[in-house]
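Please read the structure below before turning to the comments.
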Amino acid sequence: MMYVTPENTATGQDRFVDHSSWFKYSSPQTFFPLAGKLVPWFAVAALLLAAAGLYIGFFVAPTDSQQGEAYRIIFIHVPAAWMSMFIYVVMAFWAGVGLTFNTRLSGMMASALAPTGALFTFLALWSGSLWGKPTWGTWWVWEARLTSELILLFLYFGFMALQAAIDDPRRADKAGAVLALTGVINIPIIYFSVQWWNTLHQGASVSLKSAPTMAATMFTGMLVMVLALWMYSIAASLMRVRCIILERERDSQWVAEYMSSHK
Amino acid sequence: MRGRRRLFGGLNFTLRDGDLLRVTGANGSGKTSLLRILCGLLSPVCGMVRWGGGDIRSLREEYWRQLLYIGHAHAVKGELTALENLLVTCTLVGVNVSRGQALEALSRLGLAGYEALPVKILSRGQQRRVALARLFLSEKIPLWILDEPFDALDAGAVDCVRLLIAQHLSRGAAVVLTTHQEIRIDNPQVQYINIVS
Amino acid sequence: MRGRRRLFGGLNFTLRDGDLLRVTGANGSGKTSLLRILCGLLSPVCGMVRWGGGDIRSLREEYWRQLLYIGHAHAVKGELTALENLLVTCTLVGVNVSRGQALEALSRLGLAGYEALPVKILSRGQQRRVALARLFLSEKIPLWILDEPFDALDAGAVDCVRLLIAQHLSRGAAVVLTTHQEIRIDNPQVQYINIVS
Amino acid sequence: MKPRHKRFAAIAVGVAALGVAAALVLSALNKNLVFFFTPSQVAANEAPQLRDFRIGGLVVPGSLKRQPDGLTVQFIVTDTARSIPVTYRGTLPDLFREGKGVVAQGHLSSDGVFQASEVLAKHDENYMPPEAADAVKKAHAVVQKTGQTLVTDPQAEAKR
Amino acid sequence: MFTVLRCVIYRDLLLATRRWADVLTALVFFVIVVSLFPLGVGPEPNLLRTIAPGVIWVAALLASMLSLTRIFAADYADGTLEQMLLSTAPLGMIVAAKVIAHWLVTGLLVVLIAPLLALQFDLPQQLLATLTLSLLLGTPVLSMIGAIGAALTLGLRGGGALLSLLVLPLYVPVLIIGAGAVDMAAAGLGTEAHFLLLAALLVVAAAFAPWAAAAALRISAE
Amino acid sequence: MFTVLRCVIYRDLLLATRRWADVLTALVFFVIVVSLFPLGVGPEPNLLRTIAPGVIWVAALLASMLSLTRIFAADYADGTLEQMLLSTAPLGMIVAAKVIAHWLVTGLLVVLIAPLLALQFDLPQQLLATLTLSLLLGTPVLSMIGAIGAALTLGLRGGGALLSLLVLPLYVPVLIIGAGAVDMAAAGLGTEAHFLLLAALLVVAAAFAPWAAAAALRISAE
Ligand code: HEM
Ligand SMILES: Nc1ncnc2c1ncn2[C@@H]1O[C@H](COP(=O)(O)OP(=O)(O)OP(=O)(O)O)[C@@H](O)[C@H]1O
Ligand SMILES: Nc1ncnc2c1ncn2[C@@H]1O[C@H](COP(=O)(O)OP(=O)(O)OP(=O)(O)O)[C@@H](O)[C@H]1O
Ligand SMILES: [Mg+2]
Ligand SMILES: [Mg+2]
């Protein structure tokens, strides 16, 4: 016997909506205003932290005994490089959640994160090669760390291009998720490349196991910049996810109401 | 929901053993889409399809074992012969058939003498017949979903397929089909769905 | 003659203005092949096709200017919109049409509202309609050759095309068509060719 | 097989595959898979004979000599165990210092001198102000320390 | 379940014999790319010997990528893919069968013919074994990765460019390691590390790629 | 008659914008082939500089050949080709229009991007002009020749391999002359002879190729 019903009785999208208050925000409609409220806070925090970080980095932190002033690129390079990897992991996480639980919002989060991730990857590559010229004596070499980071950039591009090529957003989310999850394998390779192979790129200055091998002010400056980029990433992706929600739900009642009240 | 347009909603029906469901509607009303949803090939924006108590999305292989679907595109390879096509498609979907059975099925659809020809040189109606020959080998499958099975067939072949469907229904199986032609299938338990867009 | 099999021979017929020629026959009997020969797309093994006195093989462009052919494959590009498809195909074969005329033709076939959609997302019957909209723009062409024009159309569209053909015939043009469905076209001058294989 | 068993089997296969792959990767890391070779490796004939390769190590303090043409330089690269003389014609990177890390690309000529076509500076992961560096210098033998962090021995790395 | 695996491999090989010209495309392409280089670059033997491993590996990669673009296309167009999605056998298994069949008729041929072409570049005898082995381990990985890309871009018109963009980042490590192995051997060094890495890639790809591709297919066929 | 010419060019360009990814395929392919070489061959600047003209010309040739395989395929499959055969305009004209449109969206882009890629190989500035000009004259010839091959092999499953075999002998002279021009310039010698030859090839191809391809199409479509 076959039954066809118009309701989602046992399973389906947004199945959590009524059951638990925590999952309430997995519905785009409830998440939209929440995101709207959060964005300014994160944006302001990002601005303040960035100002503080740059101040420490360029005025407080001492010159380096080996590299002189050139080392100050570290305050851009390292936070950007860290974020580039971290955002990919988060993106893949949301993609995976979307694929398994069929929640719409997760897919939107993943697509909202990708451009920021690509931006930071580009920034890490760019600042890195800018730094490489004075220190190593070359813009670029094909060694493990640099090559794998470049691959990361192309993974981001691939993700965005794939999503752009598919008209149906539900399908785009799912297809992007498969790609994002496949590409995760690259992240440990980037991170451990300097340990696994002897590369031109330096090893880790900061690790969980031992104290950072850099002066305290330098380290503080770097950490503050990392926090600033965190805040920026959150603000940017929340803003982007709001746009995506509006775009995708533009036929629904609540979006129509929202649009007319914000003319 | 295809693209941004809602095609149909509020459909609610139950199909019992021996039922024939005819889906009608104008071109573009969403018949093919509905059939693909029933197969689990397309996921509905909302609503669900249940088979014998379980959601087909969790039953998966279990459900597909009991389903036969022949669509507009009928999975016939131009380079293979009619016989090879039939054997391979059956094995692929998990039905075991012998060579003899397959030959028999082809000849019952009037393809005797064409079994060993590559399908691409057959005419359109003959190609459709190769696809439909699967029906003769799927008597044990309790649910058939057929999208315009009579398309491109001549009158003789239409009769043959019509009879086959009636027989299958009388065996207690369920059949879902679409067609624009007015073809009578003798069966007491007919349901109609007319999709109006 | 396709491959090594002789499909038909000894055909001999003359088509006058206002004549409708219905080619019938079972699947694979050679209807499509005959139509392609009439167009000059396929060269017959023996025999010849003459139009207004000349062999079509020497008339070429002269003949094609007076011919419209729509086959199983109907020259519709999935990426172009319905309107673009219609305009481009008409220009390509040498018929000049304006945008307005094209829009009108589409809406008369029930495609109003679909003109600007890429054809690939339309349903099969809707795609067929896009191809057939050319008929509305070819009223001056004295010979139409149509291979299963009613294929995949719903009842409303079939009616519309049927009327159009009848009108065209009454204007004194000739039409050749094949179809497996029993569709009456009101016309005094009908010829039948039944190909038996 | 029930769906639960199937899922279990799938997970088992996945984990096993990851395990095998990890084992292969780790044993690969014990072999030579390198961006550059150390002078010791070169001495042990582990570096290519016929074609270009890179060597890496520290510039021996006091070994840098400039030719009269102002472009050609000679210096000695060491990994504290072995050393190799290098000649190079061209501009050196700013961070090229005696006692610091360097990676040079080129080939070994028959007289045992490395003819470099490109020289890159490799620095370590320590960042400190000059005063702190001086303090460290007083406390340690600098060559010893940087030597350890710079010329990484792949086997030691894998064990770490 | 294994009946289906066998059936699909058999079917694809049968189709390959019927469309032998199609199969040869990849091979011919490979031969052409490799052979055009001496014409384009000039006949200097030392130069040719140096670039040989790189050229052969790049050509193998391109041949694999191009032939993979269409691995699911025909089945998608004629509706066979729908039947595969509705099969009682796991879809990952069917995908694996298709990839195996595809590799047998393209990858394997490329691997077999590569040593012959290498002779054209005057590559020393002892390197031929290394080259062949590296291709033997590497090309299946390329096929697996390519299958995921092909499944993801299925039905998107001109998936070709997109496919390249998606799979190339994942192809590059294989290329670097594979060509690197031959380079190492040419330099008279050990190549175990490279081969172990290739083997690791192969294991991971074989275990996960079919399922990823299967998931992608279900999405693409909606 | 020229209405039809314009209409076909317009249509093919329109289709190209709709399937922009398809168009990019040839370009992406070109970029990829050229960029993979430093990875496969190794990063030695002198070596790269020597092989650069050869690599770029071979890549352009391959990109042209691959994208041409499908120049008539879509029109054949959906019946548009039949309509073209029945058009009142001369078929050679329609074929010429298709080749022009095809070159505009692939060949021209390749020519424009080649100098950028050449920088990656550290090719000296003054050679860039020579390279670009040689490609500008050479790629249309490749398109014309390729169209004949594509028409001949149309509808033969896997015409790809056959096509390659048919057109390559005709491509090789273009390749040798084109890459030769850049090599000559690199050696500091005059290149007029090469350019005159390329121009001669172009004139001959433009005059005869469309009609040859048209004749081939009538045969293939039977
Ligand atoms: C294009 C060239 C470069 C790329 C793609 C690159 C990439 C990366 C990446 C991905 C990381 C984060 C991984 C980790 O934390 O271990 C990183 C960290 C780092 N990079 Fe780079 N880098 C480049 C050039 C440079 C240069 C030239 C320098 C210095 C001379 C440098 C210094 C650092 C430092 C100090 C860290 C932080 C390491 C740590 O504390 O963990 N990078 N780089
Ligand atoms: N991928 C898609 N994106 C957006 N809309 C689509 C897509 N596929 C189909 N549609 C639309 O869905 C509608 C229903 O299509 P469907 O093929 O189900 O119709 P049908 O009832 O089977 O028609 P026919 O009788 O012509 O076969 C059509 O109007 C079509 O335009
Ligand atoms: N290229 C070919 N080589 C050999 N035989 C062919 C070729 N093309 C068609 N045939 C054969 O010619 C016969 C007639 O085909 P045709 O397509 O003309 O039939 P039809 O009458 O249009 O049938 P339908 O009603 O199914 O469309 C078929 O039996 C087919 O096998
Ligand atoms: Mg339909
Ligand atoms: Mg027919």
Side-chain angles (χ1 to χ4, degrees), chain B residues 2-5 7 23-36 71-74 82 109-114 117-132 147-148 150-161 178-183 194-197, chain C residues 1-5 7 23-36 71-73 82 109-114 117-132 147-148 150-161 178-183 194-197:
Chain B
R2 298 308 322 246
R4 311 194 53 77
R5 279 183 333 108
L7 289 175
V23 183
T24 55
N27 288 142
S29 54
K31 300 180 295 301
T32 300
S33 308
L34 175 62
L35 261 48
R36 284 171 56 88
H72 280 312
H74 43 225
L109 259 169
L111 287 173
Y114 291 91
L117 287 180
V119 166
K120 72 173 164 206
I121 71 160
L122 298 186
S123 82
R124 228 168 70 82
Q126 288 171 324
Q127 295 183 359
R128 191 80 187 150
R129 291 180 188 205
V130 173
L132 291 172
D147 200 355
E148 313 230 5
F150 306 116
D151 211 48
L153 294 186
D154 60 21
V158 166
D159 264 359
C160 173
V161 173
T178 68
T179 170
H180 290 299
Q181 298 178 45
E182 276 164 31
I183 289 166
N194 189 15
I195 308 183
V196 203
S197 47
Chain C
M1 182 92 80
R2 304 289 344 232
R4 312 193 50 77
R5 281 186 327 111
L7 290 174
V23 183
T24 54
N27 288 142
S29 54
K31 301 181 294 299
T32 301
S33 308
L34 175 62
L35 261 50
R36 285 171 56 87
H72 280 313
L109 259 169
L111 286 174
Y114 291 90
L117 287 181
V119 166
K120 71 174 163 203
I121 71 161
L122 298 186
S123 82
R124 226 169 68 85
Q126 288 171 324
Q127 296 184 358
R128 190 80 187 153
R129 290 177 188 206
V130 173
L132 291 173
D147 200 355
E148 312 230 4
F150 306 116
D151 211 48
L153 294 186
D154 62 21
V158 166
D159 263 358
C160 173
V161 173
T178 68
T179 171
H180 290 299
Q181 297 178 44
E182 276 165 31
I183 289 167
N194 189 16
I195 308 182
V196 202
S197 46

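FYI, side chains are in, hydrogens and waters are out, and symmetry mates aren't considered; it's all heavy atoms of this structure. Because the structure is a prediction, the values reported are computed rather than measured. Note on naming: letters A, B, ... go to the chains in the order of the sequence lines (proteins, then strands), and numbering restarts at 1 for each one.
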Worksheet entry | Residues which pass salt bridge (charged side-chain N to carboxylate O under 4.0 Å, His left out) with B:R128, listed by chain and number, not counting sequence neighbours | none
Discussion item. As an exercise: rank B:D151, B:T24, B:I121 by heavy-atom pairs under 4.5 Å with chain C and give me the winner.
Written reply: B:D151
Worksheet item: Is there a donor in the side chain of B:R129 and an acceptor in the side chain of C:N27, or the other way round, less than 3.5 Å apart?
Response: yes
Item to complete: For B:K31 and B:E148, indicate whether the former's side chain and the latter's backbone hold a donor-acceptor pair under 3.5 Å.
Response: no
Worksheet item: Is there a donor-acceptor pair under 3.5 Å between the side chain of B:Q127 and the backbone N or O of B:R124?
Response: no
Worksheet, complete the sentence: chain B shares the most heavy-atom pairs under 4.5 Å, among C:S123, C:A157, C:G156, with C:S123
Fill in: Residue, of B:T179, B:D154, B:T32, B:V158, that accumulates the most heavy atom pairs under 4.5 Å with chain C
B:D154
